[in-house]
Amino acid sequence: MMNLFADMHRKVHETLREMQAAGELPADLDLKNVAVEPPRDPAHGDMATNAAMVLARPAGRRPREIAERLAERLAADGRIASAEVAGPGFLNLRLAPDAWRALVPAVLAAGPDYGRSGMGAGRKVNVEFVSANPTGPLHVGHTRGAVFGDALANLLDFAGWQVTREYYINDGGAQVDVLARSAYLRYLEANGREVAFPEGTYPGDYLVAVGEALKERYGDRFVDAPEEEWLDLFRRFATERMMEMIRADLAALGVRMDVYFSERSLYEGGRIEETLEKLREMGLVYEGVLEPPKGRKPEDWEPRVQTLFRSTAFGDDVDRPLKKSDGSWTYFAPDIAYHYDKILRGYDALIDVLGADHGGYVRRMKAAVAALSEGRVDFDIKLVQLVRLFKGGQPFKMSKRAGTFITLRDVIDEVGPDVTRFVMLTRKNDAPLDFDFEKVLEQSKDNPVFYVQYAHARISSVLRKAEAAGIDVSDAALGAADLSVLDDPAQLELLRRIGAWPRTVELAATHHEPHRIAFYLYDLASAFHALWNRGNDDPTLRFIDADDVPGSRARIALARATGVVISSGLGILGVKPVTEMR
RNA sequence: GGCCUCGUAGCUCAGCCGGAUAGAGCAACCGCCUCCUAAGCGGUAGGUCGCAGGUUCGAAUCCUGCCGAGGCCGCCA
């Protein structure tokens, strides 16, 4: 797989080892911090290495001296056009145009696999996301988490991990009893009773159908029955229905989970006790009394003995309760058992995608996972900040379906899944996101979705027109094109961006940051639009020139390669590329 | 009181495991369509990277303290 940055990184390291073998550098140097990166200022070349500065002190040499020796050796490589020492000891490398051009046939041959990385080495990672309570439709906040988690899963897959997408169904707590009671009210309503929805029940319309379905199944059997008779039945039924709705919501967004894991199943199998017992043996679970929170003392605080998790041993500021006063578990206890289950399933890495309001929860969960996996499992928690909705610059709150909050469906109905997904990935996960229903549909440069799609559409248009003009645009024909005509700065710039794709994938995957893919695509599209417009000043730079078929083929090959990368990047974001704008 | 996330151009935001003169879009100003989609492109102007220390050859980036915004801190998950 062609990865120019990785190739040059390898080349620099090999050359340094040659210098060690030749006695020009001490044999025991640690090369770990020697990097090959694109310089911030393109005037400094295509790639730069800090080798001389990093090694100067341990080698006991002057940086520029090391850099000069290294430059001499590197200059012998045909791919490297120049190697210049600059500044405090940087070595700036400029690649020969042919090295960049070689990307085109490589990309065409690899197709959608260009940029795929072996970094994950087939290790198993579990990405848990959405995990909304099964008590109603998904709302905007869930939508962002869903898009983020799914794109992250795609990204890790592309980077060579074996990925499981998982949804944790919170069907064990008090909230599903509330759901059952709310469904019961709708059931009474379906049976012709007048009902009121007291505080603490769910009044949303989405339960009307559930009430009717319950009537269909049970008639009026439970209308005057006491709660014990119907609660369990109704809870099961309503939860099932809510999960169907949630699955459908996710499907509408293009998200497919591999595993739906039920919290309740943990209660039934005695798994919670088992997990806590293990922690107790480690001395991390004990019976104790908690200090009241400082500065914000609850009115009814009474010290009492309860089951606690010693998260302070992992840097948390206080130990965390596992049981409520009525003896039932807090949400934290089943969560520990759930994560233990994931550990036992053999994952090398776990990722939780949570709303930002769960921030206080991160440390204790990491503590539990570190303890239960004995530090073997890499565990990352990504907090997703909230989404602020606007319409034409005005805050927007109305929902057609749920009344009180905007649902995922509201968003998709309004702008479609592709726009929703792309826009939600144009911000870092931990930054709040403004989502304007009008702006995201705008066909202009300040709308990144449009801008990237437009580039792809232009490329598709070039291919269509070329074909109509009788030029063979099969990948085989394009891959064999003589690319030496590609020597305009705009063409070389586009090649450089294409060359940066594998590196972008690896960085994004390492940091668990799919937004980097969206920003990369914007830059790539920008380089393409710039080249496109160069054709206005200089007609020889237009992609198609009927009088110059070989040259056209070279330029079209470059466009095609760009299209492959855009399409592949959009694939990670879960967005379908368009072939024409409407 | 403590913990978490954040603070970068007038606005919205990038900034790779520390790297050389801090970037993009919008808004402002000046240009580019007899030409594959101008739904686009080029240029000018605009920043004490919240503040103060520290580590380092080198800090927007790492560490400490402070200021500011949001979130969380036993029986909601």
Side-chain angles (χ1 to χ4, degrees), chain A residues 32-33 35 37-41 43-44 48 50 53-54 56-57 63 86-90 92 131-133 135 168 170 172-175 263 290 292-298 300-302 304 306 308 315-332 334-335 354-363 383 385-386 426-432 434 442-448 450-451 454-455 457-458 461-462 464-466 469 490 503-504 506-508 510-511 513 515-516 519 522-523 526 529-537 539 542-545 559 580-581:
Chain A
K32 191 164 63 67
N33 292 323
E37 299 173 330
R40 192 149 61 178
D41 185 346
H44 291 136
N50 59 356
M53 286 179 295
V54 172
R57 183 184 292 252
F90 285 103
N92 292 330
S131 297
N133 286 345
T135 54
Y168 179 58
N170 290 111
Q175 73 281 355
E263 177 189 357
L290 226 43
K294 293 185 185 70
R296 195 207 56 109
K297 194 175 290 187
D300 58 347
W301 182 276
E302 278 176 29
R304 69 156 180 281
Q306 58 186 343
L308 298 170
D316 207 350
D317 49 323
V318 65
D319 289 337
R320 303 293 174 172
L322 296 164
K323 268 187 184 175
K324 302 179 194 172
S325 57
D326 64 0
S328 66
W329 300 115
T330 62
Y331 66 92
F332 184 41
D335 266 11
L354 302 175
D357 53 342
H358 290 64
Y361 171 77
V362 170
R363 205 183 283 271
L383 298 178
Q385 272 289 352
L386 47 96
T426 55
R427 270 314 82 106
K428 218 167 16 183
N429 59 289
D430 51 18
D434 288 351
E442 222 167 72
Q443 303 210 328
S444 73
K445 193 180 163 182
D446 57 324
N447 179 3
F450 165 77
Y451 191 75
Y454 186 35
R458 278 181 154 174
S461 161
V462 166
R464 281 193 301 269
K465 299 221 162 154
R503 176 184 155 79
T504 302
E506 295 194 342
L507 283 169
T510 306
H511 293 271
E513 290 183 341
H515 77 274
R516 292 180 190 234
F519 281 94
Y522 188 88
D523 287 343
S526 177
H529 288 309
L531 172 58
W532 178 283
N533 268 70
R534 289 280 289 121
N536 288 336
D537 306 331
R542 289 179 203 163
F543 291 96
I544 301 168
D545 177 354
E580 56 187 331
M581 303 307 292

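Just so it is clear, the model here is predicted, and its values are computed rather than measured. Letters A, B, ... are given to chains in the order of the sequence lines, protein chains preceding strands, and every chain is numbered from 1.
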Provide a list of protein-nucleic acid N or O atom pairs under 3.5 angstrom, restricted to nucleotides 33-35 of chain B.
from: B:rC35; atom 1: O2'; to: A:R542; atom 2: NH1; distance (Å): 2.8
from: B:rC35; atom 1: O2; to: A:R542; atom 2: NH2; distance (Å): 2.4

Extract from the structure each pairing of a protein N or O with an N or O of nucleotides 10-15 of chain B at less than 3.5 Å, listing the distance.
from: B:rU12; atom 1: O2'; to: A:R427; atom 2: NH1; distance (Å): 3.0
from: B:rC13; atom 1: O5'; to: A:R427; atom 2: NH1; distance (Å): 3.4
from: B:rC13; atom 1: O2'; to: A:R427; atom 2: NH2; distance (Å): 3.4
from: B:rA14; atom 1: OP1; to: A:K428; atom 2: N; distance (Å): 3.2
from: B:rG15; atom 1: OP1; to: A:H515; atom 2: NE2; distance (Å): 3.2
from: B:rG15; atom 1: OP2; to: A:K428; atom 2: NZ; distance (Å): 3.3

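Qualifying side chain to side chain contact (heavy atoms under 4.5 Å, CB included) partners for A:Y361, counting only residues two or more places apart in sequence or in other chains: A:Y331, A:F332, A:D335, A:L354, A:H358, A:R364, A:M365. Residues that satisfy the ring-ring contact (aromatic ring centres under 6.0 Å, His included) test with A:F90, not counting sequence neighbours, are absent from this structure. Among residues two or more places apart in sequence or in another chain, the ring-ring contact (aromatic ring centres under 6.0 Å, His included) test is passed with A:Y451 by A:Y522, A:H529.
The nearest whole Å value for the distance from the OH atom in A:Y361 to the C1' atom in B:rA77 is 9 Å. In this structure, CG of A:L386 is placed 16 Å from P of B:rU5, rounded to the nearest angstrom. Atom CG in A:N170 sits roughly 11 Å away from atom C1' in B:rC76 (whole-Å rounding). What separates CG of A:D523 from P of B:rC41 is a distance of 12 Å, to the nearest Å. Here B:rU37 presents its C1' atom at 13 Å from CZ of A:F543, a figure rounded to the nearest Å. Distance CG (A:N533) to C1' (B:rG43): 14 Å, rounded to an integer number of Å. In this structure, A:W329 atom CH2 and B:rG74 atom C1' are separated by 15 Å, rounded to whole Å. Taking atom CG of A:D326 as the reference point, atom C1' of B:rC75 lies 7 Å away to the nearest angstrom.
Among the heavy atoms of the strands lying under 4.0 Å from A:S444 are primed sugar atoms or P, OP1, OP2 only; no base atom is included. Backbone-only engagement by A:Y522 is indicated by non-hydrogen atom pairs under 4.0 Å involving sugar-phosphate atoms exclusively. Nucleic acid contact for A:D545: none, since no nucleic acid atom lies under 4.0 Å from a heavy atom of the residue. Residue-level contact check: A:Q175 touches the backbone only, with heavy atoms under 4.0 Å from sugar-phosphate atoms and none from bases. Residue A:A86 is in base contact, counting any heavy-atom pair closer than 4.0 Å across all strands shown. Nucleic acid contact class of A:R534 (heavy atoms, under 4.0 Å, all strands): none.
With B:rC16, B:rG74, B:rC4 as the candidates, the nucleotide lying closest to the side chain of A:R503 is B:rC16. When each of B:rA20, B:rA77, B:rC41 is scored by its nearest atom to the side-chain atoms of A:Y451, the top-ranked nucleotide is B:rC41.
Taking a pair as Watson-Crick or G-U with both hydrogen-bonding distances under 3.5 Å, the stems of three or more pairs touching RNA chain B are B:1-7 with B:67-73, B:10-13 with B:23-26, B:28-32 with B:40-44, B:50-54 with B:62-66.
A:M581 contributes atom CE, which lies 10.5 Å from atom CZ of A:R458 (distance to the nearest 0.5 angstrom).
Here the separation of B:rA69 from B:rU8, taken at their C1' atoms, is 16 Å to the nearest Å. The separation of B:rA24 from B:rG58, taken at their P atoms, amounts to 28 Å, rounded to a whole angstrom. Using P as the reference atom, B:rC66 and B:rG2 are 8 Å apart when rounded to the nearest Å. Between the P atoms of B:rC35 and B:rC29, the separation comes to 29 Å (whole Å). Nucleotides B:rA45 and B:rG10 place their P atoms 16 Å apart, quoted to the nearest Å.
A stacking contact links A:H44 to B:rA20: the aromatic ring centre lies within less than 5.5 Å of the base's six-membered ring centre, and the planes differ by less than 30°. Centre separation under 5.5 Å together with a plane angle under 30° holds for the ring of A:F90 and the six-membered base ring of B:rA20, marking them as stacked.
A:W532 has a side-chain polar atom (N or O) that falls below the 4.0 Å cut-off from OP1 or OP2 of B:rA38. Of the side-chain N and O atoms in A:K324, none sit less than 4.0 angstrom from OP1 or OP2 of B:rC76. A close approach under 4.0 Å does not occur between any side-chain nitrogen or oxygen of A:R320 and OP1 or OP2 of B:rG74. Between A:S461 and B:rU37, a side-chain N or O to OP1/OP2 separation shorter than 4.0 Å is present.
Remark on RNA chain B: of its neighbouring residues A:A174 and A:A48, the 5'-side contact belongs to A:A48, judged by nearest-heavy-atom nucleotide.
In this structure a side-chain-to-backbone donor-acceptor pair under 3.5 Å is missing from A:N170 to A:N133. With hydrogens and angles ignored, the 3.5 Å screen pairs a side-chain donor or acceptor of A:N447 with a backbone N or O of A:E442. The backbone N or O of A:L308 sits nowhere less than 3.5 Å from a side-chain atom of A:D319 that would complete a donor-acceptor pair. Counting only distance, with no hydrogens or angles, the side chain of A:E580 and the backbone of A:A457 share no donor-acceptor pair below 3.5 Å.
Classification of A:E513 and A:R516 as a salt-bridged pair holds, one side-chain N sitting under 4.0 Å from a carboxylate O.
A:K324 forms no cation-pi arrangement with A:W329, by the criterion of a distance under 6.0 Å to the ring centre and an angle within 45° of the ring axis.
Donor-acceptor pairing under 3.5 Å, judged by distance alone, is absent between the side chain of A:D357 and the base of B:rG71.
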